[in-house]
Amino acid sequence: MEALENRLSAARTLWQEGDAAYGNKDYESAYQLYTEAHDLIMDCAAYHRRAHQKLISVTAKVGNYGEYLTDWLLLKVFYYVGIFKAISYVQNKSSYYSDLCKHAD
């Protein structure tokens, strides 16, 4: 597994690129970039939540209504019972306990 710091940095770069694509109404590219970032950081709770915050803005725009519903449920319902922390713990316990994963910037 690639070093956590490198994955978080790569995710931030992908988010910036995705934000630029979103700003240009290139929702397909934004979706792809946000998805790629998501896949890098699923073991880091705060970043994983942030990834779904980014994704929810484009999933319906590109017609992925099932994914939109999943994002909505994760962010509006399951977040409050600790779903992102649980996923992080299962994915990689060292990331779960890392100070880097406590807050997404």
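Everything numeric here is computed off the predicted structure, so don't read it as measured data.
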Please assess Leu100 against Cys44 for the test side-chain contact (heavy atoms from CB on, under 4.5 Å), listing each intermediate value before the final yes or no. CA-CA 8 Å; Leu100 295 171; Cys44 195; 5.6 Å; no

For a side-chain contact (heavy atoms from CB on, under 4.5 Å) check, start with the C-alpha distance between Trp15 and Leu33, then their side-chain angles and the critical distance, and finish with the verdict. CA-CA 7 Å; Trp15 285 338; Leu33 291 160; over 6 Å; no

For Ala21 and Ser29, the nearest pair of non-hydrogen atoms, with its separation, is CB-CB, 4.0 Å

Approximate separation, where rounding is to 0.5 Å, of Ser57 OG and Tyr34 OH: 5.0 Å

Donor-acceptor under 3.5 Å (Asn64 side chain, Glu67 main chain): no

Verify side-chain contact (heavy atoms from CB on, under 4.5 Å) between Lys61 and Tyr22, making sure each step is shown before the conclusion. CA-CA 10 Å; Lys61 291 183 186 303; Tyr22 187 89; 3.1 Å; yes

Does the distance from a Lys or Arg side-chain N to an Asp or Glu carboxylate O, for Lys54 and Asp19, drop under 4.0 Å? yes

So, Arg7 versus Tyr47: side-chain donor-acceptor pair below 3.5 Å or not? no

Flag yes if Val58 and Leu73 sit in one hydrophobic cluster, no otherwise; membership is Ile, Leu, Val, Met, Phe, Trp, Tyr, and two members link when side-chain heavy atoms are under 4.5 Å apart. no

Tell me whether Asn24 contacts the main-chain N or O of Ala20 through its side chain, where contact means a donor paired with an acceptor under 3.5 Å. yes

Taking only residues at least two apart or on different chains, which pairs with a member in residues 66-91 satisfy ring pair (Phe, Tyr, Trp, His ring centres under 6.0 Å)? His48-Phe84, His52-Phe84, Tyr89-Tyr96

Can you check side-chain contact (heavy atoms from CB on, under 4.5 Å) on Thr59 and Tyr65, steps first, answer last? CA-CA 7 Å; Thr59 50; Tyr65 301 108; over 6 Å; no

Can you measure from CG (Leu69) to NZ (Lys76) and round to the nearest 0.5 angstrom? 13.0 Å

How far does CG of Asp43 sit from CG of Leu4, to the nearest 0.5 angstrom? 6.5 Å

Which distance, rounded to the nearest 0.5 Å, do you find between the OG1 of Thr13 and the CD of Glu36? 10.5 Å

Check whether any side-chain heavy atom of Cys101 sits under 4.5 Å from a side-chain heavy atom of Ile41, and report yes or no. no

Single-linkage hydrophobic cluster, 4.5 Å side-chain cutoff, Ile83 and Val90 together: no

Indicate if Leu55 and Leu74 have the same hydrophobic cluster label, given that clusters are the connected sets of ILVMFWY residues with side-chain heavy-atom separations under 4.5 angstrom. no

In short, Leu40 meets Ala11 closest at the heavy-atom pair CD1-N, 4.0 Å

